[in-house]
Visitor: 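First the structure, then my questions, so here it is.
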Number of protein chains: 2
Amino acid sequence: MAGIPDSVTMTALSHPAAPGPAGTPRPRTGRPTMAQVAEAAGVSPKTVSRVINGEPGVVATTAERVERAIAQLGYRHNHAAASLARGRTQDTVGLVIEGIAGRFYAELASGVEEVARAHGQQLLIASSEENPDRERETILALASRQVGGIIVVPRSGDHRYLRTELRSGLAVVFADRPPQRIKADYALVDNVAGAREGVTHLLRQGHRRIAFIGNELAVATSADRLEGYRQAHRDAGVDVDPALVVLGPTDVPSTEAALTRLATLPDPATAAFTQNSRLTMGAWRAIKQLDRPVALVGFDDFDLADVIDPPVTVVAQDPVELGRRAMHLLLRRIAHHNARHHHDILPTRLVVRGSGEIPPPRR
Amino acid sequence: MAGIPDSVTMTALSHPAAPGPAGTPRPRTGRPTMAQVAEAAGVSPKTVSRVINGEPGVVATTAERVERAIAQLGYRHNHAAASLARGRTQDTVGLVIEGIAGRFYAELASGVEEVARAHGQQLLIASSEENPDRERETILALASRQVGGIIVVPRSGDHRYLRTELRSGLAVVFADRPPQRIKADYALVDNVAGAREGVTHLLRQGHRRIAFIGNELAVATSADRLEGYRQAHRDAGVDVDPALVVLGPTDVPSTEAALTRLATLPDPATAAFTQNSRLTMGAWRAIKQLDRPVALVGFDDFDLADVIDPPVTVVAQDPVELGRRAMHLLLRRIAHHNARHHHDILPTRLVVRGSGEIPPPRR
DNA sequence: CCACGTAATGTCAGCGCTGTCAAGCTTCCT
DNA sequence: AGGAAGCTTGACAGCGCTGACATTACGTGG
């Protein structure tokens, strides 16, 4: 070593921010490096590395000396350098969602986070803000940051651009919506069955003209929920009137407008099934304004759905659990890169509260 | 160059995933490296680097050849290596929040993201899940990933552990709550004024016994909102009854219990001021169960507050704008590391809806 | 037609860390 | 006592990229 006796090294370093001993140059970043810690502790950099990474084979007294030097210098591990040296990241996974706002994504993220932390993984969330092009950019940005795996809530309809990443060893899991045009693990809610149950519930009340309000079909969840709506009608032997199926509204006002129109047709809708909670709130507001009762069942639960009047019957899903499942799939994939693809389908639950039990008007 | 004629290089590489030409070894990660791209394009690695980073001084035809090689090989930039070589990260900032769930944080994050993207920065969100110790870990984890700056919504009460990071050049901005025991930029809502306005509103209706329900005082927002409550009383010449101040409930059920107790005291509370939307919903539910009217004003707005009965009067804040401001502060700090510390204080807005205008019972 | 200025491209070291392997030091056995 | 075996520690190369500087190619004016 550089001729510094072990025993005096620590006390000699009283000003961590001041220019250090001449032997080891200060790093460009302004942060102390492992080499400086090593010098301060009177050991080799490799030993410092061992201590930091908890590798075995370091005697307690040495480890302690290193720890003290770390504390004294305010050393922070340089994750970029470590990733580079190792050739892979350690303990980091990414989550790509459309936007952080919205209860559904927030809960999904917290489920992912819960499992990630339990497995010592740091979770990085990046949002693609509803833009399919940005989705690709965001995923690649995360991948180039050497995360060990990525959970994607996809928006776009073609994920072939991920082939390269998958081939080069990136673990990718899809959540809430399945991958398109590539094979990968995914965790989903049983959208078809959930929607079918909700719509069947309305049909059982005697409704025959049930509006469906959803997003564009490009998003798989929409298509599935519409399929559930269709199946429920088929099971009940009722024809679907295409005029009652509205795809497109994404915000509260346009949903209000759409529902108002459908409920005031010459042959009006007497009930509505909405595809997500925002649309449900919009529909609920529209119904509140109308002078005739319209039944309502929504997909996805929301705060205060039980206390507004009428309280809203919903097909509830469990986004937190969805996140947990997705993270488990990801961990499995990271551990076994060549395992067979797995798919998790979560059930939904009909929560009866009132709005879905309004009978159709007698004629 | 390695003797490969420029003109045939591209077509010769038909199997990007197959073992490449012997000259350049395959990287350990399984992803192609810049050197391989360079070889494929018949240029030097540095030129590839120039193209990727958009540096000037590359002739269009060369750039195009490089682009083609990148596409063909499925090359992805290795961000870790780039950060290491540069000594700093490029275009990445971090956001540390307590938990992604909850409308407030979600909106704040989307404000941050909006500005970040507009400035070409990738945002990484990490959650500390309500645990003050985790907060430190999470921030340091982000810092060790070489982000250019961090926005923190702090939970803990002592941020001196950041001194080392600040000194070594990390840009840190606090949002929603000020830093404790260190100096730093921050963006806040005017909690004192907002709470004062809300409570004054209740006092003007004639209420003299107003409950305050909040979190632990350790969180600065709580302390400030309580201070606003006190100021309003002082301004109105009304004494605060300490028995009406309840700190601690964080979820709906415990808030319900607390309010029920206060409203059924021998000398009961006739109104309540709640410190955040979760508490407001809890209080609202409790009031709904009681046989006597209790006025309610809550801090922070929430979905459906206008349609429940009674509709809830709130002191609204703008979390999206708060996020935007914080991000602007961060950008400024990154650009000017030695600038003076800046503080942004956002105003609140009283939204009158009904629950806050319930008069005290005549006696 | 050549010296010279400028634009385009290449060379090379090294960022901070870790994997591999080798060296030094004990300890314990025969 | 001698040596094998085990343990702790160190030396060193190199991960993939970029900054600084060197070199080459290309025009241009005298």
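Values reported hereafter were calculated over all heavy atoms of this structure, with side chains retained and with hydrogens, waters and symmetry mates removed. Just so we're on the same page: letters track the sequence lines, and every chain starts at 1. Because the structure is a prediction, the values reported are computed rather than measured.
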Visitor: Can you identify which nucleotide, out of D/dC15, D/dC17, C/dG10, has its nearest atom closest to the A/Leu84 side chain?
Guide: D/dC15
Visitor: Output the single nucleotide from D/dG16, D/dG19, D/dT18 whose closest atom is nearest the side chain of B/Asn53.
Guide: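 Nearest to the side chain of B/Asn53 among the choices is D/dT18.
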Visitor: Does B/His77 have a side-chain nitrogen or oxygen under 4.0 Å from the phosphate oxygens OP1 or OP2 of D/dT18?
Guide: yes
Visitor: Can you tell me the distance, in whole Å, between the NZ atom of B/Lys46 and the P atom of C/dA7?
Guide: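 Nearest whole value for this atom pair: 18 Å.
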Visitor: Per the ring-ring contact (aromatic ring centres under 6.0 Å, His included) rule, what does the pair list look like for residues 44-70 of chain B, sequence neighbours excluded?
Guide: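 Applying ring-ring contact (aromatic ring centres under 6.0 Å, His included) to every pair that reaches into residues 44-70 of chain B, excluding sequence neighbours, yields nothing.
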Visitor: What is the distance from CZ of A/Arg76 to C1' of C/dC15, rounded to the nearest Å?
Guide: 20 Å
Visitor: Rounding to a whole Å, what distance do you find between A/Arg145:CZ and D/dC17:P?
Guide: 14 Å
Visitor: Does C/dT18 have OP1 or OP2 sitting under 4.0 Å from an N or O in the side chain of A/Ser49?
Guide: yes
Visitor: Grab the CD1-P distance between B/Ile70 and D/dC17 for me, whole Å please.
Guide: 10 Å
Visitor: Quick one about B/Thr92 and A/Arg145 (side-chain donor to acceptor, distance below 3.5 Å, no hydrogens or angles considered), yes or no?
Guide: yes
Visitor: Rounded to the Å, how far apart are B/Glu64 CD and C/dT9 P?
Guide: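 These atoms are roughly 13 Å apart.
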Visitor: May I ask you to decide if A/Val173's main-chain N or O and A/Asp185's side chain share a donor-acceptor pair within less than 3.5 Å?
Guide: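 Pair absent, no side-chain N/O of A/Asp185 close to backbone of A/Val173.
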Visitor: How many Å lie between CD on A/Glu55 and C1' on C/dT20, as a whole number?
Guide: 12 Å
Visitor: B/Arg86 CZ to D/dG16 P: how many Å, rounded?
Guide: 17 Å
Visitor: Considering residues at least two apart in sequence or located in another chain, which fulfil the side chain to side chain donor-acceptor pair (under 3.5 Å) criterion with B/Glu64?
Guide: B/Arg68
Visitor: Can you name the residues that form a salt bridge (Lys or Arg N to Asp or Glu O under 4.0 Å) with B/Glu55, not counting sequence neighbours?
Guide: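 Partners of B/Glu55 under the salt bridge (Lys or Arg N to Asp or Glu O under 4.0 Å) test: none.
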Visitor: Report the residues that fulfil side chain to side chain donor-acceptor pair (under 3.5 Å) with B/Arg177, sequence neighbours left out, ordered by chain and then residue number.
Guide: B/Glu98, B/Tyr105
Visitor: I need the NE2-C1' distance between A/His79 and C/dT18, as an integer number of Å.
Guide: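 Between C1' of C/dT18 and NE2 of A/His79: 13 Å.
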Visitor: Looking only at side-chain N and O atoms, does B/Asn78 come under 4.0 Å of OP1 or OP2 in D/dC15?
Guide: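 Looking at the OP1 and OP2 atoms of D/dC15, neither is under 4.0 Å from any side-chain N or O of B/Asn78.
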Visitor: Among residues two or more places apart or on two chains, list those pairs meeting ring-ring contact (aromatic ring centres under 6.0 Å, His included) that have a residue in residues 58-79 of chain A.
Guide: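 Qualifying pairs: none.
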Visitor: Give me, pair by pair, the N or O atoms of the protein and of nucleotides 6-9 of chain D that are less than 3.5 Å apart, along with how far apart they are.
Guide:
| residue | atom | partner | partner atom | Å |
| --- | --- | --- | --- | --- |
| D/dT9 | OP1 | A/Thr62 | OG1 | 2.5 |
| D/dT9 | OP2 | A/Val59 | N | 2.8 |

Visitor: Based on the rotation axes of five pairs at each end, what angle does the helix from C/dC1-D/dG30 to C/dT30-D/dA1 bend through, to 10°?
Guide: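 Taking the rotation axis at each end, their angle is 50°.
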Visitor: Could you pull out all residues at least two apart from A/Arg50 that satisfy salt bridge (Lys or Arg N to Asp or Glu O under 4.0 Å)?
Guide: none
Visitor: Who pairs with B/Asn53 by side chain to side chain donor-acceptor pair (under 3.5 Å), at least two apart in sequence or on another chain?
Guide: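 With neighbours one apart ignored, the set is B/Ser49.
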